[in-house]
Structures are given as C-alpha cells and as structure tokens.
Amino acid sequence: MNNFLYDIYPILPEIFILSNVCILLVYGVLFSSSIKLGYPLLAQNLGLLSCQILGCSFIITYYQTFLNLSSWSDFFINDIFTFKTKCLIFLMCLGWILITFSYINYERINSFEYWILILLAIVAILFIIQSYDLLTMYLSIEFQSLIFYILASFKRTSEFSTEAGLKYFVLGAFSSGLLLFGSSLIYGLTGLTNFLDLAKFFTGMPMLELSSWIGLTTGFTLILVSLLFKLSAAPFHMWAPDVYEGSPTSITLFFSIMPKLAILSLLLKLLILSFHDFITFWRIIILICIIFSIMIGTLSAFSQIKWKRFIAYSSISHVGFFLLAILSGNLEGISSSIFYVIIYVITMLGIFSFILTLRFYNYSYHYQTRYLQDLISLSRFNPALAISLTLFLFSMAGIPPLGGFFAKLFVLLSVLQTKSFGISIFVVLMSCISCFYYIKLIKSMYFSSINEWKVLYPINKLNSLLLGFSLLFISFIFYDIELLSILSTLMSFSFLN
Amino acid sequence: MNIDIFLFYLFSIFALISSLMVIGLTNAVHSVLFLILVFCNVAGLLLLLGPEFFSFMLIIVYVGAIAVLFLFVVMMLNIKLKSTNISFSSLWPIGILTFVILLSQFFSSFYELDLVKFQGKELFFISWANENSNLTNIKVIGKVLYTHFNLLFLICGLILLVAMIGVIVLTMHQRVDVKKQQIALQLARTAPNVIKFIILRRKR
Amino acid sequence: MKLIFTEYSAILIFFAISSLLSSVIFLLSYFLIPQKPDQEKVSAYECGFNPFDDARATFDIRFYLVAILFLIFDLEISFLFPWSLVLGEISIIGFWSMIVFLVILTIGFIYEWYKGALEWE
C-alpha cells in the first residue's frame, strides 16, 4: 500500500484533471442535449471551468513536496526537471486560455468537447514529460497525437481544417509507426525498454564494439527520426505549414507551444541519458537536421504571404536552435536549450495574441487577418499594436537587449564551447538573413501607405493582458536575467547522472 | 515431413501470395478481401509459434474490426478502378531501397537456421515437466498486465476514451428539429391518464 | 515452436475439410457448366430498362460511427478476457485498475448515449 501511495502522489495533478474531465464530460453531455433547456451551448461555461481546473492543478503541482523517484514500476520518472516542466506547462496553458476565450466567441466554436480535448491533451503532455520507458513514450505520444488530430480538424465546416487534420493524421501515424519499429528493434536486440537501463547497458562501451551495433543504430535512428518529425524539424517538416495554416488559430497556437517542450524533454532523455555513448553517431544526424531546419525555415519565409505559414516556418527555424543547443551534449547545452524554449513560448504567445487581436471590421461582421498585406500602415490605425509587433519581431531576430538575443547568445555560447565554429557562423549568417524579412514587415507597417482606412475591431481585455505581459517580459528580462536562467540551470541538473 | 513444417510453409506461402494480390489488384474491395486473408494466415503462423491468445486476438481485432473499417472506407469513397497511373520509373528506387534494407535485416538471422529440415546446430534439453505445467498465454498476460504494467493499461483506456469523443465530434450531426419517440414515457402511461374529458359547449 | 498441440489439431482438421468441401463445390460449378456470356445476360437487371444510374447509393456515415464504436468496445472486452481468468491470482491492485479502466470507458459510453450516437434515425 505504501508503494502504491508513492505512485499516486507524483501524478496527483493528472488524477485531478482526469476526474474533472469525467465530471465535465457527463455534465456537458447531459445539459447540452436536453430538450427542456433548449440545447444550451456550453462552450464558454466549460472554458471557465477548465481555466479554474488548470489553475488548481498548477497550485497542486507547485506546492507538492519534491520527491525524486521513479514511479509506476519504473514507467514514470519524477525529478526536478519534470517537476518544473509540469509547472511551466500549466502556466503556458493558462496563458493560452486567456488568449483564446474571445476567439471561441468570434469564430463560433460551440461544442464543449473542445475543452474536454484540451484538458486531455494537457494530461497527455504531462505523461510524455514523465515517461521513462520506450512503451510509455510510445503510448503517451499516441495519446497526445490522437487528440491533436481531432483538434486540428475541429471546425468541420471549413475545408482547410479538415485538410489540415487529414494531413497531420497521415504523417503523424506514419511517424508513430517508425517510432514503434525503432523501439521494437532496440528491445529485440537488448531486451531492455527503460531509459535508465539502456543508459547502464551502453555505459563505457564505444559504439562499434557492440556486436549488434547495426541494428541498434537503425532502431535509434528510427526513433530519432520519428521524434524530429513530431517536432517539425526539417527535413521532416512538411506537415507543419499546412497543418498550422488550416487549423483554427487557437489550436495553431496550442500546436506551436505545447508539444515543443514535451518532445524536447523526451529527446533530451533519449540523447543525453540513454544513448549518450552513441554521441559520435547522433551528433551527425542532429547537425544535418539543424542545418536543414535553419536554412529551410529562414529561406522559405521569404515567399510567404499568409500569417500562419510565416509563423510555421519561423518556428521550424527556432526548432533548429533548440537542437543546436543540445549538440554539445553537456549541461550548459541543456540549460540554454530550456532557456530558449521558454523565451520562444513567451514570444509565440505574444505574436499569436497580436494576430488574434488584429481583426478588421467590415460592417456587421469582423474577420480575422489572414494575409501579411493586412499589416500595411498599421502604425496609423493602432500605433500600440505596431510597436508591440516591432518588439516581438526584433526579439525573434535576436536584437539586444530583448529576450530573444539572450536566448540565442546562450545557445551559441554552449555550442562554441565545443569548438564548432562552422555551424555557429552559419547560424549567425542565417539569423542576419531572417532579420531582413522581419524588417520588411516592420517597414510595411511604418513606411507604406494604403488608400483606404481599415477599422480595427477593439482588442479585448484578456488578450491585451497577455500581449502586455509577454511584451514586458521580453523587453525587460535583460535587467534580471537570473530570473529565468536559474530555472533552466536547475532543470538541467537532473541530467547529471 | 513434419506437420508443423508443412503448416509453416503453407501459411507463409498463402500470406505472401495474398499480400502480393493486395497491392496488385485493381478492384479495391478484392484488395481488402485479400488483406483479410493475409491476417488469417498470419494468425495461423502466430498460432504455430505458441501464443494462442495473440493469434485469436489478431483475428478478432484486425479482421473483425479493422478490415471492416477498411471495407467501409472503400465503399464510402466508391473506388471503382485505379484512377491514377503512377509510372514505374518513379517507384523503383524507393522500392529497391526499402526492399534491400528490410532484406538485410532478415539475412542477419538467416545463417543460424536450416530451413529445409529445421534442424538446429546444437541440441537443447526439453524439460517435459516444465512444458506440462506451463501457464497458458492468457494467464501470463493477465498476471502482468494488470499489476506491473497497469499504467500502460490505463493509458490505453484513456486513448479509447479519446477515440470515442473524437469520432462523435468529427462525424455526428445532431438534429434538433426532428422529434424522436420517447419510448420510456410511452410505455409508462397508465389507463386513467389516457383520456381526458373536456366540456366544449354548455347544454342549454 | 510450441510442442503440445492436441486441442488445435481438431480445429485444423475441421478447417482442412471445410476448405476442401467449399473449394470442391465452387470449382465443380465453375468448370462443369456451359458458360456462354452475352452482353445482355451480364448486364444489370432494372425491370427491362437500361440501367439509369450506378446501383450504389451514397454510403451513410452512421455505419462508420457504429463500426468505430464496435471496435472500441471490442477492445474493452478483449482486455477483460485475461483479467477474468487471473482474478484470483492478482492482488487487489489488479482488481481496482480494471475497475478504473471500466469506469473511464463507461463515462465515454454515457457521453455517446446522450449524444444520440446509438440512435438510428
């Protein structure tokens, strides 16, 4: 019984969310299909309730006493990294909910299952973060991917949305198949599935001395390819622009911020914990992925004319930066990668709150901006929005003293420690090239003129809260950068063994 | 020849022929029927290896549910003949590459096996007492699935829940203007509540 | 290879005889009858007229919904099979983990019942 309590205590927030999902599901379906009440639309009601649920589970997670153990017979791990990552995921999701409350009203997403699926997706992401075994990794990734396929095609009446869901499903299922093939090869050749057991198995032996090194490297490559697929790193990025563009915008934001931290934590566990002795092998693969990601993400953004595809390509290049930080394979690399992810998430929250705010009023209905052309002479319609977008774009380009600069600085510092000068010079060159089209957007805001005056729908309060918060955060983080870097260094200590 | 070697070759050859027919036929419904035949033959092969629960589960789940879903999709999309003609020259590089990779994996286990007489190179000792007191495959699975692996089992339950919610979110069209019968109310009526007397006009 | 096969040999003999019998009936009827196909004989019958349209109507998506719901509950039952055999040997943890699994799927069942997925028209 004592052992069982040690299993329950670390997943207390997940149990809380799951029991609330059950209650909300029954509540939602009983009320929304009753003729007497006139089939009420429960989406907003459940939205507020799920906001409360996430707030309470954040409080549960934050005030838990810290235990460093592996629970559920070595299928889950709880160390300082998963502890802090869970708190971060809850905070990110609370920020996401603030932005998307008004979006649901405008776009008339009326079904309450939206919120049930979002809560289940949070549970799935928490399972991915804590997973410590090949089987748990596969099942949690399938759980999360299935929810994302449904969410991507949530708006049934829009062809874009169904196309996005279908593309995501086909490519995601294919990559899950590769994941399973790789895991079964590794299990077949070593007989182990736990990450720590694999780390102990490979300790000390250089890769080529193992008798079955061909099968092991094939299995490991397949798992790595599948995880890079899910992370939308090039050359496995094909699904990202179409899926990001077709899904409803709030779901696009959810796709950009949530899985990145989860799959990145899984990649860190695999690359640096289990397969650390294969580093001479996976270094090459990651290097090729970084070069392709940054090149494709930067160069393809030149010809984009729609907002969401533009952001999809820039997030592909940001993924290249995450991978660059872990190329060194030491603790500074991990902490700078986590730092970069946090800054990236806050920047994405800011940019999407900007996009969701930019609605044009064309009498009696207002529609959301879709094209980059809509930015022309925004500085005259709404100067505050123009300045906020300027600061966000400068942060993404890496201009000091904004937050993005420090993120890129830490990543490049950790890479330079391993004396990889070529890739650092390449990355800096590509950043300069990406700076060009960010400045092109700013130029179209400030220095172009348009004949007709467009009326903007006024920003609503929750959106403005989040826009302001992320703006202040990335502008003034230079004053006390220890606020974040202590967190990321603390999280990297769990990889010390 | 031993019966199990004969059965092994029978099932394998039928599985190979059926899988070639799956990709080679033009009519989509025939392809799905040959896919069902592949599943049945593979279940037979699995039965020869020992885990009988897995082979019957394969038939129940794959043939009984997944092949049925395939058939429904084929019927829904109304695929009559092959509509696209992919030229062979664009396919053969990838095909040869995949074939070589999978075949090389296969060959690494080839050298230890003698496929004609099924003789191993070394003798090993069969303990018949162990074979007699073996647990069946179902009991072995049952003993670990619900105690040691119960986390994975519960995650499977959550995946099934998501599948239920998802299929209704994506396909159900609830009509609010159609009146439905409420059979429970209809059957629960009692004789005194059926007829009601009203006075239309006062009698002069 | 499994060494003790006594019960399955009965199934194998049954399978062999049934496939033999059905293939004999099929092949005899295919080879022994005179076949002279004609264009009028092979065409679809529509009360003497030429066929107006394709015989297949649009496939209703309710069939697919029912098939997927069948698959989900079929998997639930297949998880119940081993549990019912070893219930005496797994401790109370095994019992309650299956109960939690059944509760999760029952909540999904309540959801689809009240949504009307189980009603046909």
Side-chain angles (χ1 to χ4, degrees), chain B residues 3-5 7-8 44 47-53 57 60-61 64-66 68-69 71-73 75-78 80 118 126 128 131-132 134 136-147 150-151 153-154 156-158 160-168 171-175 178 180, chain C residues 1-5 7-9 11-12 15 54 56-79 81-87 89-98 100-109 111-112 115-117 119 121:
Chain B
I3 183 72
D4 51 350
I5 301 176
L7 282 177
F8 170 73
L47 197 63
L48 283 175
L49 274 176
E52 65 264 6
F53 181 62
M57 272 305 125
I60 290 179
V61 172
I66 295 182
V68 166
L69 285 178
L71 263 176
F72 280 169
V73 169
M75 283 157 59
M76 213 183 309
L77 296 180
N78 229 343
K80 301 248 184 48
F118 269 94
I126 300 180
W128 290 100
E131 290 284 331
N132 194 24
N134 249 346
T136 56
N137 185 233
I138 305 185
K139 289 208 172 184
V140 168
I141 291 180
K143 280 185 118 161
V144 262
L145 184 63
Y146 306 102
T147 53
N150 55 357
L151 175 77
F153 172 60
L154 292 171
C156 285
L158 288 172
L160 290 175
L161 175 70
V162 169
M164 269 198 262
I165 299 177
V167 79
I168 289 180
T171 60
M172 246 208 77
H173 179 52
Q174 221 178 0
R175 305 204 43 189
V178 170
K180 297 196 183 109
Chain C
M1 295 281 173
K2 194 173 146 91
L3 291 172
I4 303 180
F5 265 131
E7 292 96 3
Y8 296 112
S9 55
I11 302 181
L12 181 68
F15 190 69
D54 191 20
R56 301 204 168 122
T58 323
F59 196 72
D60 213 346
I61 205 158
R62 277 185 295 231
F63 292 110
Y64 203 76
L65 189 71
V66 170
I68 292 192
L69 291 174
F70 162 72
L71 173 61
I72 293 173
F73 287 107
D74 195 25
L75 289 171
E76 176 180 357
I77 293 176
S78 68
F79 273 121
F81 279 142
W83 178 75
S84 57
L85 279 177
V86 296
L87 194 53
E89 287 148 40
I90 49 184
S91 55
I92 195 157
I93 268 231
F95 174 72
W96 282 105
S97 63
M98 175 53 100
V100 170
F101 174 79
L102 286 177
V103 161
I104 293 175
L105 284 180
T106 307
I107 289 182
F109 176 54
Y111 169 72
E112 57 167 303
K115 268 291 194 181
E119 303 202 10
E121 215 81 24

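Throughout, protein chains are lettered first and strands after them, A, B, ... in sequence-line order, and every chain is numbered starting at 1. For clarity, every value in this text was computed on a predicted model and none was experimentally measured.
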**Study point:** Euclidean distance, B:L145 CG relative to B:I138 CD1, rounded to 0.5 Å
**Key:** 12.5 Å
Exercise for review: Of all the heavy-atom pairs spanning C:S97 and B:L154, show the shortest one and how long it is.
Suggested key: O-CD2, 3.7 Å
Check your understanding: So what's closer than 4.5 Å to chain B heavy atoms on C:F70: side chain, backbone, both or neither?
Key -> side chain
Review point. By a 4.5 Å heavy-atom criterion (distance strictly below it), what part of C:F109 contacts chain B: side chain, backbone, both, or neither?
Key: backbone
Review point. Hey, what do you get for CD (C:E76) to CE (B:M164), rounding to the nearest 0.5 Å?
Key: 7.0 Å
Practice item. Taking all heavy atoms of C:Y64 and all of B:M76, pick out the closest pair and write down the distance. Key: CD1-CE, 3.7 Å
Check your understanding: Among all residues two or more places apart in sequence or in another chain, which pass the ring pair (Phe, Tyr, Trp, His ring centres under 6.0 Å) test with B:F53?
Key -> none
Review point. Of the backbone (N, CA, C, O) and the side chain (C-beta and beyond), which part of B:L151 lies under 4.5 Å from a heavy atom of chain C, both, or neither?
Key: neither
Point to revise | Under the side chain to side chain donor-acceptor pair (under 3.5 Å) test, residues paired with C:Y111 that sit two or more places apart | key: A:E113
**Study point:** Which of C:S9, C:A117, C:S84 touches chain B most, by non-hydrogen pairs under 4.5 Å
**Key:** C:A117
Practice item. Evaluate whether atom CZ of C:F15 has more than 12 neighbouring non-hydrogen atoms of other residues, nucleotides or ligands under 6.0 angstrom away. Key: no
Revision key, fill the gap. Among C:F73, C:F79, C:W96, the residue with the most heavy-atom pairs under 4.5 Å to chain B is C:F79
Revision key, fill the gap. CH2 (C:W83) and CZ (B:F153) are apart, to the nearest 0.5 Å, by 9.0 Å
Exercise for review: Please look at C:E112 and chain B and tell me whether the side chain, the backbone, both or neither of the residue comes under 4.5 angstrom of a heavy atom of that chain.
Suggested key: both
Review point. Which answer fits C:L12, side chain, backbone, both or neither, if we ask what part of it has an atom under 4.5 Å from a heavy atom of chain B?
Key: side chain
**Study point:** C:I104 versus chain B, the contacting section by heavy-atom distance below 4.5 Å
**Key:** both
Review point. Which of the residues B:V68, B:I165, B:N137 is involved in the greatest number of heavy-atom pairs with chain C at under 4.5 angstrom?
Key: B:I165
Review point. Chain C heavy atoms under 4.5 Å from B:M57: which part of the residue, side chain, backbone, both or neither?
Key: side chain
Study note, to complete from the structure: Of B:T136, B:V167, B:V61, the largest count of non-hydrogen pairs under 4.5 angstrom with chain C goes to B:V167
